[in-house]
Q: 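Take this structure, written in structure tokens, and hold onto it; I'll ask about it next.
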2 protein chains.
Amino acid sequence: MAETDQPPPPSDQLAAMSLTDAVEKHAFSDRVLIRSIVGRPDGGAGLAGQKVRAGGWVKTGREQGKGTFAFLELNDGSCPANLQVIVDAGVAVLNKLVATGTCVVVDGLLKVPPEGTRQKIELRVEKVVSVGEVDPAKYPIPKTKLTLEFLRDHLHLRSRTNTIAALARIRNALAFATHSFFQEHNFLYVHTPIITTSDCEGAGEMFQVTTLISESEKIEKELIKNPPPSEADIEAARQLVSERGEAVKQLKAAKASKSDITASVAELNRAKENLSKLEERSKLKPGIPKKDGKIDYTQDFFARQAFLTVSGQLQVETYACAVSNVYTFGPTFRAEQSHTSRHLAEFWMVEPEIAFADLQDDMKCAEAYVKYMCNWLLDKCLDDMEFMAKSYDKGCIDRLKMVASTPFVRITYTEAVELLEEAVKGGKKFENEVKWGIDLASEHERYLTEVKFQKPVIVYNYPKGIKAFYMRLNDDLKTVAAMDVLVPKVGELIGGSQREERYDVIRERISEMGLPLEPYEWYLDLRRFGTVKHCGFGLGFERMILFATGIDNIRDVIPFPRYPGRADL
Amino acid sequence: MAETDQPPPPSDQLAAMSLTDAVEKHAFSDRVLIRSIVGRPDGGAGLAGQKVRAGGWVKTGREQGKGTFAFLELNDGSCPANLQVIVDAGVAVLNKLVATGTCVVVDGLLKVPPEGTRQKIELRVEKVVSVGEVDPAKYPIPKTKLTLEFLRDHLHLRSRTNTIAALARIRNALAFATHSFFQEHNFLYVHTPIITTSDCEGAGEMFQVTTLISESEKIEKELIKNPPPSEADIEAARQLVSERGEAVKQLKAAKASKSDITASVAELNRAKENLSKLEERSKLKPGIPKKDGKIDYTQDFFARQAFLTVSGQLQVETYACAVSNVYTFGPTFRAEQSHTSRHLAEFWMVEPEIAFADLQDDMKCAEAYVKYMCNWLLDKCLDDMEFMAKSYDKGCIDRLKMVASTPFVRITYTEAVELLEEAVKGGKKFENEVKWGIDLASEHERYLTEVKFQKPVIVYNYPKGIKAFYMRLNDDLKTVAAMDVLVPKVGELIGGSQREERYDVIRERISEMGLPLEPYEWYLDLRRFGTVKHCGFGLGFERMILFATGIDNIRDVIPFPRYPGRADL
């Protein structure tokens, strides 16, 4: 970072300037947070007269008064609002400060600006401490209005834009709200594995995790550098072993001295060792190791085929069936070739699991959790939500308020289908046919929550044929105790179920679905030994952000999106 | 879950029994948490006379009084203490309840037990609501004393043991403490990617993430089912195209009717389509796709080679250089063949990154964070810590108190080496030679923190030759602004540094280390445009748990350990 080649400060007293304690200083930095100035209810006006050190990046800068001073809008990411900074030409070389993206640290005095300006406070700079310059001709994101699509090609810089920074704060708020909610309700956070050898029953295509390819590449390189022994080399080594063996035999027959025999045996052993090394090396083959025509996974890192998890549910159930209330919150993966605005190859999921609880408890928990997140954003992120409302979705704040305050509608799947059939009779057109037994399509879900009820809807008791084997069979033997939470804007936000806790029933269901029993034996053990009524659900974390903010493309609400053909950084 | 075949309750009033509000009920279940009874300061005595529903797993059970009643020690995972439950033979079939691991839900009355017993409260059962039975002859973990090593072969059940459950609560507490600490200090939680195409400079061997193997297996299956076209098939199809083309030409030359020509052109197009399909299929080859003798990663899911992350640091820096204070907390991976008690293939790391901050700020943050976690455990997990002290490491509580209250020693690397050299002169034997320039070995680190200072030590300013390119070069041009936090019991707990923010210097360092510049261009952009002084560190989360609890093997402090040859569940 270049120190500015500025004129010396007007007097020595600046160097000794004690930064005020009236403004919240950052705990591990000598600057104050810009939020602690402009985020105050009075917009910072009450801090007039205070000396502070502030740092941030210039959002917009311009020289004024024929180059006698400059205005900088400074942002440090602590809030959406900028601090207005005024630098006189006597204090610094102004044209090094004004380019968008420039990083500056300044000491100065907070003052109330002249009447008629939007700001409640501004910083008159007394010293420029440091500058990280920007050449606007080369800066990849110099303009203030860039499309979200363009920004996806500049992942490493896009967090410097107002939108991506606001989304980072909203995402952070929802993540901490998630932890706070479950901790307040006595759930334990359990880290389920990312690398797994289980398959959560066809939740989707899985990525493989392996060291076989890199190992085989290593061997290939090694074989090029150091070619394997030829058959002749091995034959020669074998010959040597046989000769050395013969020599030992003859010495023994001749009753030679002990030391001569020992020396000869040592030579024999060296020859044997050399032979076995050559034989070992002759087995090295380029390519992935195979056995009986199939890839030999016993040579892979985990001695078996391993994948990236599609869900932590099955594993977290082992903890629920021991410590009662648990949740996971971590990345999950799908290797599907989905190029839609709603799918990612890597995304985050929240999966609570509750013992001694049934489907009603599950719905209660899901509703309370979603409401909690809505209230959290309204309480703690209102400035960012106002930015989203202004820039992307004017209804997003009202939607949060509505969801936070409205009891969720609860209808059975059968009732949902009846309502959809009524709608069709009334002239509503769906692309997908409506009849009992179908999996509800997104258009059906959105009709129910956005048109029919205009509030969140929980649909429960789905046909068993369209749901996973672990969902609890209802007494009608036709439906399972599953539930989906539908919300306006995104449709399905949560999917959950009461789990089948009856050993005989779940065994039967696994077979009925044509799945092998063996990989699920550990899961069956939870029912074999001390089984417990339990339930749980999964919330797609990025979907929650889409719902909250009104952003359309899921690639914009995760810091580093992964999708077919793209995994930048 | 089998309903018990018990005699009917003595009177109808039990069915209508209203569970008391005096005991905290679980929000999403009809039972109370056992902690809300036995975890009270009075051990639950004040709740005598209350009716409650409790559920949990039997830790130990025994029939007494010639089978007239049974004692059950019930635990639901909410705290280490059990609730003592007494069931009369008239209420349930006792021998179905007493096996270790049995899950029971019971309604009953809280009573003060007879004097002279350890418990302050016990539950007299009035109704057994449900039982999840256990056949002790088949239960894999029936005994109460099992080695941690044995339990590693039963990951799905081991959380039912006191030790693994206590570790789950401690891990949960440390995770939430981590979020609470950084949130209180205005850091944003940023989800860095798990799948990455960057390499955090030789932090370790990486796992590859791919769909190439599964895709090639799909193709192999498909080719067996549906063999590829032969050269003759393709030649025939080519012939047909040429004939059809000729036919069109002739019709046109003969000025045939428009409809005849159209029909003929349609036939030509069909022939062309067929040919191109056959040609496409003839390119299908079993095995992983190659190009110029190398694996063709353009055909992999992300169109390039992808890996599991070894660190989120480089990526999280992009956010620090935009929103100032950020942290990651997520899984990271190493594909090394490490079979030690300190290494995992999948482990969790906490990585804060602070803009406008230098190495001193970094150390301040690291010390505050570690102290915060120690205090958190002492405040919120003392019962679990007491269990660990009793069962594994009698000094662990004192260690937490010491670290929470003692200022960390800070010495330069050069001073550290001098101290070690002095120790050697004084007769101390190390396996690894001590001299300026070496990377400190674990034995050196533990000597400093456990013997020399007997408190946490921060060593800083390491020789540049043993540290990564991104660490800031000091003015001596020999050392970099790196720091390691060493603590008793585990040695290195944290490693961090001020990052090199000077564009020219970091470019030079990358070249000096023989690394290619191209993959780091995006990282260099952070220095090219609006660069900022910044620093950060990484804490190995499992190491923190080892430090806190005194557990020896890292495989026991993560729910689902992954290491060479093992990835159960």
Side-chain angles (χ1 to χ4, degrees), chain A residues 1 27-29 31 55 57 76-77 101-103 132 134 139 156 159-160 165 168 172 175-176 179 183 185 188-190 193-195 197-198 207-211 213 302-303 306 315 318-319 322-324 331 335 346 354 356-357 361 364-365 501 522 529-532 559-560 562 565 567 569, chain B residues 1 27-29 31 55 57 76-77 101-103 132 134 139 156 159-160 165 168 172 175-176 179 183 185 188-190 193-195 197-198 207-211 213 302-303 306 315 318-319 322-324 331 335 346 354 356-357 361 364-365 501 522 529-532 559-560 562 565 567 569:
Chain A
M1 191 180 311
F28 313 115
S29 170
R31 74 188 172 98
W57 289 266
D76 65 359
T102 303
C103 182
V134 159
Y139 194 43
H156 64 301
S159 47
R160 297 187 182 187
N172 168 73
F176 193 54
H179 285 297
Q183 296 290 331
H185 289 95
L188 297 179
Y189 180 31
V190 172
I194 305 305
I195 298 172
T197 50
S198 305
F207 286 103
Q208 192 166 350
V209 176
T210 184
T211 53
I213 295 177
F302 298 109
Q315 287 96 342
T318 70
Y319 271 74
V323 294
S324 303
E346 173 176 327
I354 324 173
F356 308 104
D361 297 313
K364 207 166 138 189
C365 181
E501 87 283 12
W522 65 265
F529 305 115
T531 193
V532 64
F560 302 92
R562 272 81 184 93
L569 277 62
Chain B
M1 193 180 309
F28 313 115
S29 170
R31 72 188 173 99
W57 289 266
D76 66 358
T102 303
C103 182
V134 160
Y139 194 44
H156 64 301
S159 47
R160 297 187 182 186
N172 169 72
F176 193 54
H179 285 298
Q183 296 289 331
H185 289 96
L188 297 180
Y189 180 31
V190 172
I194 306 305
I195 298 172
T197 51
S198 305
F207 286 103
Q208 192 167 350
V209 176
T210 184
T211 53
I213 296 178
F302 298 108
Q315 288 95 343
T318 68
Y319 272 73
V323 294
S324 304
E346 172 177 329
I354 324 174
F356 307 103
D361 297 312
K364 207 166 138 190
C365 181
E501 88 283 10
W522 64 265
F529 305 115
T531 193
V532 64
F560 302 92
R562 272 82 184 93
L569 275 63

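All of these numbers come straight from a predicted model, not from anything done at the bench. By convention in this document, chain letters (A, B, ...) are assigned in the order of the sequence lines, proteins followed by strands, and residues within each chain are numbered from 1.
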Q: Are any side-chain N or O atoms of A:S324 and backbone N or O atoms of B:G77, one a donor and one an acceptor, separated by less than 3.5 Å?
A: no
Q: If you round to the nearest 0.5 Å, how far is CZ of B:F560 from CD of A:Q315?
A: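 Here the rounded value is 5.5 Å.
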Q: Out of A:A335, A:A175, A:G101, return the one with the most heavy atom pairs under 4.5 angstrom to chain B.
A: A:A335
Q: Compare every heavy atom of B:G530 with every heavy atom of A:R160, then report the nearest pair and how far apart it is.
A: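 That would be NH2-O, 4.1 Å.
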Q: Go through A:N172, A:V323, A:T102 and name the one with the most non-hydrogen pairs under 4.5 angstrom from chain B.
A: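 Highest number of pairs under 4.5 Å: A:N172.
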Q: Using a 4.5 angstrom heavy-atom cutoff, name the option from A:A306, A:C365, A:A27, A:A168 with the most pairs to chain B.
A: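 Counting heavy-atom pairs under 4.5 Å, the top option is A:C365.
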Q: What residue, out of B:A165, B:A322, B:A303, has the most heavy-atom pairs lying under 4.5 Å from chain A?
A: B:A322
Q: Out of curiosity, A:I213 CD1 to B:T210 OG1, how far, rounded to the nearest 0.5 Å?
A: 4.5 Å
Q: What class does the angle between the rings of B:H156 and A:W522 fall in, given that below 30° is parallel, 30 to 60° is tilted and above 60° is perpendicular?
A: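 Correct class here is perpendicular.
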Q: Distance-only, no hydrogens or angles: does the A:S159 side chain make a donor-acceptor pair with backbone N or O of B:T318 under 3.5 Å?
A: yes
Q: Taking it one step at a time, do B:F207 and A:F207 satisfy ring-ring contact (aromatic ring centres under 6.0 Å, His included)?
A: CA-CA 12 Å; B:F207 286 103; A:F207 286 103; over 10 Å; no
Q: So which residue, A:D76, A:V134, A:T211, ends up with the most heavy-atom pairs under 4.5 Å with chain B?
A: A:D76
Q: Non-hydrogen atoms of chain A under 4.5 Å away: do they reach the side chain of B:A567, the backbone, both or neither?
A: both
Q: With chain A as the partner, which of B:V209, B:V190, B:I194 has the greatest number of non-hydrogen pairs under 4.5 Å?
A: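 Heavy-atom pair counts peak at B:I194.
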Q: Would you mind checking which part of B:W57 comes under 4.5 Å of any heavy atom in chain A, side chain (CB onward), backbone (N, CA, C, O), both or neither?
A: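 When you check distances to chain A, only side chain atoms of B:W57 fall under 4.5 Å.
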Q: Is B:F356 close to chain A through its backbone or its side chain, or both, or neither, when contacts mean heavy atoms under 4.5 Å?
A: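 When you check distances to chain A, atoms from both the backbone and side chain of B:F356 fall under 4.5 Å.
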Q: Could you look at B:P559 and say if it's the side chain, the backbone, both or neither that has a heavy atom under 4.5 Å from chain A?
A: both
Q: Using non-hydrogen atoms only, which part of A:P331 is less than 4.5 Å away from chain B: side chain, backbone, both, or neither?
A: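 Only the side chain of A:P331 comes within 4.5 Å of chain B.
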Q: Please round to the nearest 0.5 Å and tell me the distance separating atom OG1 of B:T197 and atom CZ of A:R562.
A: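 These two atoms lie 6.0 Å from each other.
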Q: If you round to the nearest 0.5 Å, how far is NZ of B:K364 from OG of A:S29?
A: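 Nearest 0.5 Å value for the OG-NZ distance: 8.5 Å.
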Q: Please classify the contact of B:E346 with chain A as side chain, backbone, both or neither, using a heavy-atom distance under 4.5 Å.
A: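 Contact with chain A involves the side chain of B:E346 alone.
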Q: Where does B:Q183 contact chain A at under 4.5 Å (heavy atoms): side chain, backbone, both or neither?
A: side chain
Q: Quick check on A:I354 against chain B: is it the side chain, the backbone, both or neither that has a heavy atom closer than 4.5 Å?
A: side chain
Q: What part of B:L569 gets within 4.5 angstrom of chain A, counting heavy atoms only: side chain, backbone, both, or neither?
A: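 For B:L569, the contact with chain A is made by backbone and side chain together.
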Q: Pick from B:Y189, B:Y139, B:F302: which one has the most heavy-atom pairs with chain A under 4.5 Å?
A: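 Looking at each option in turn, the highest pair count goes to B:F302.
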Q: Supply the atom-to-atom distance B:C103 SG to A:E501 CD, rounded to the nearest 0.5 angstrom.
A: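 Answer rounded to 0.5 Å: 10.0 Å.
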